[in-house]
Every structure is written in C-alpha cells, then in structure tokens.
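This report concerns only the one structure given below.
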Amino acid sequence: MFMGEYQHSIDEKGRMIIPAKFREALGESFVITRGLDQCLFVYPQSEWLILEGKLKALPLMKSDARAFTRFFFSGAAECELDKQGRANIPGNLIEHAKLEKDCVVIGVSNRVEIWSKQIWESYANESEQSFNEIAEKLVDFNFDL
C-alpha cells in the first residue's frame, strides 16, 4: 500500500526521484499515465493489469467509455528507475500535470500520484475545506470512519 506525501523536484530532462518507500512496491517496471485532477497516476504492473482489465470491460459502444479508455492508454508509459532511483517522465505527461521544478509525490493506496507543488497545494487547501462534506457523502457508499 502506498501512503504519505513527499517533496521532490523534477530536472530539466524530466527525471524525478521516486521516494525510497515507494520504489520496492513499484517494482522494476511500472506505468505512469495521465491522472485525474491534473496529476499523474503511477501504477505497479500488478495494479495496472487490474485497471487494464476493468477498462477493457467497459462497453465499446459507449462514447464516454471509449473516451476514458483513450485518455488512460494514450498517456500511459512504461518506466523503470535508474540507479539513482529516478523515473524519466515523458514530456506529454509533464505537460499534462504542469510539472515544473517543485513536485509532490503522494501515496494513494494502490497507486502513487505526482503533482505540481502549486496545483497540489491549491487542491489540498480546497479539499481540506470541504473534507467534512465529502466524508458525509461517503456514508452513502456504506463507508464509516
């Protein structure tokens, strides 16, 4: 399971250190793709295969299903860590997440997310203000803290 928040930077070549606590769980090869909310999603191969199966099961005749599947697969890139524990993030994904020098890497259960520091701080501040409202809505999903 991935959890925690880490501050890292991305260099001019698109390389970013992946937190040491995440490296083993991600494995030798993992997938980075466009995420929701203007971040990147990073999946170990085992989780990517589960997600791939779910996306393949979506009805091809539904335009929303096709669009969502295209969004995920067209942005996906298989990555490996170099000897310094860095991932080389493709340019199209850097653009999608508006990554500049300062980034935030967070663990979110079965995946890792990579955020622009500025976008993450804005998102976190907005979410924190509505956290109680969100928690109340989760009760509808039979979820209780």
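We number each residue from 1, following the sequence as shown. Side chains are part of it too, since the values below use all heavy atoms of this structure and drop only hydrogens, waters and symmetry mates. Keep in mind that this is a model prediction, so the values were computed, not measured.
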Any side-chain heavy atom of F41 within less than 4.5 Å of one from R34?
no

What about the rings of Y6 and W120, do their centers lie closer together than 6.0 Å?
no

Hey, does Q45 have a side-chain heavy atom less than 4.5 Å from the side chain of V31?
yes

Could you go step by step and tell me if R66 and L60 meet the side chain to side chain contact (heavy atoms under 4.5 Å, CB included) rule?
CA-CA 6 Å; R66 290 192 308 272; L60 185 62; 3.9 Å; yes

Supply the atom-to-atom distance F72 CZ to L36 CG, rounded to the nearest 0.5 angstrom.
5.0 Å

Treating S74 as the side-chain partner and R70 as the backbone partner, does any N or O pair qualify as donor plus acceptor under 3.5 Å?
yes

Gap between atom CG of N92 and atom OG1 of T33 - 0.5 Å precision:
8.5 Å

Is there a side-chain contact between E126 and S130 in this structure, where contact means two heavy atoms from C-beta onward sitting under 4.5 Å apart?
no

Any sub-3.5 Å donor-acceptor pair from R23's side-chain atoms to I18's backbone N or O?
yes

Which heavy atom of P44 sits nearest a heavy atom of A25, and at what distance?
CB-O, 3.6 Å

Is any side-chain heavy atom of K101 less than 4.5 Å from a side-chain heavy atom of D11?
no

One pair to check against side chain to side chain contact (heavy atoms under 4.5 Å, CB included): V104 and I106. What are the steps and the verdict?
CA-CA 6 Å; V104 178; I106 63 171; 3.7 Å; yes

Check against side chain to side chain contact (heavy atoms under 4.5 Å, CB included), N88 and D82
CA-CA 8 Å; N88 192 5; D82 66 13; over 6 Å; no

Rounded distance (nearest 0.5 Å) linking atom NE2 of H96 with atom SG of C39
6.5 Å

Heavy atoms of other groups near Q118 CD, more than 12 under 6.0 Å
no

Given side chain to side chain contact (heavy atoms under 4.5 Å, CB included), test E100 with S116 step by step and report yes or no.
CA-CA 7 Å; E100 295 178 359; S116 151; 6.0 Å; no

Between F73 and L58, is there shared hydrophobic-cluster membership here, with clusters defined by ILVMFWY side-chain heavy atoms closer than 4.5 Å?
yes

So, S29 versus E78: side-chain donor-acceptor pair below 3.5 Å or not?
yes

Check: V105 and V112 side chains under 4.5 Å, non-hydrogen atoms:
yes

Mind checking the CG-CG spacing from L26 to L81? Nearest 0.5 Å is all I need.
7.0 Å

Are any of the side-chain heavy atoms of I119 and K98 separated by less than 4.5 Å?
yes

From CZ (F68) to CG (D64), nearest 0.5 Å:
10.5 Å

Using the six-membered ring wherever Trp is involved, compare the ring planes of F2 and F22 and label them parallel, tilted or perpendicular (cut-offs 30° and 60°).
perpendicular

Measure the shortest side-chain to side-chain distance between R111 and V108 over non-hydrogen atoms and say whether it is less than 4.5 angstrom.
yes

Is it the case that over 12 heavy atoms from other parts of the model lie below 6.0 angstrom from the CD atom of E24?
no

Can you find a heavy atom in the side chain of L40 that is under 4.5 Å from one in the side chain of L99?
yes

Taking the six-membered ring for Trp, are the ring centroids of Y123 and W115 within less than 6.0 Å of each other?
yes

Inter-residue atom distance K56.NZ - E52.CD, 0.5 Å rounding:
4.0 Å

Whether R86 side chain and M16 backbone form a donor-acceptor pair below 3.5 Å:
no

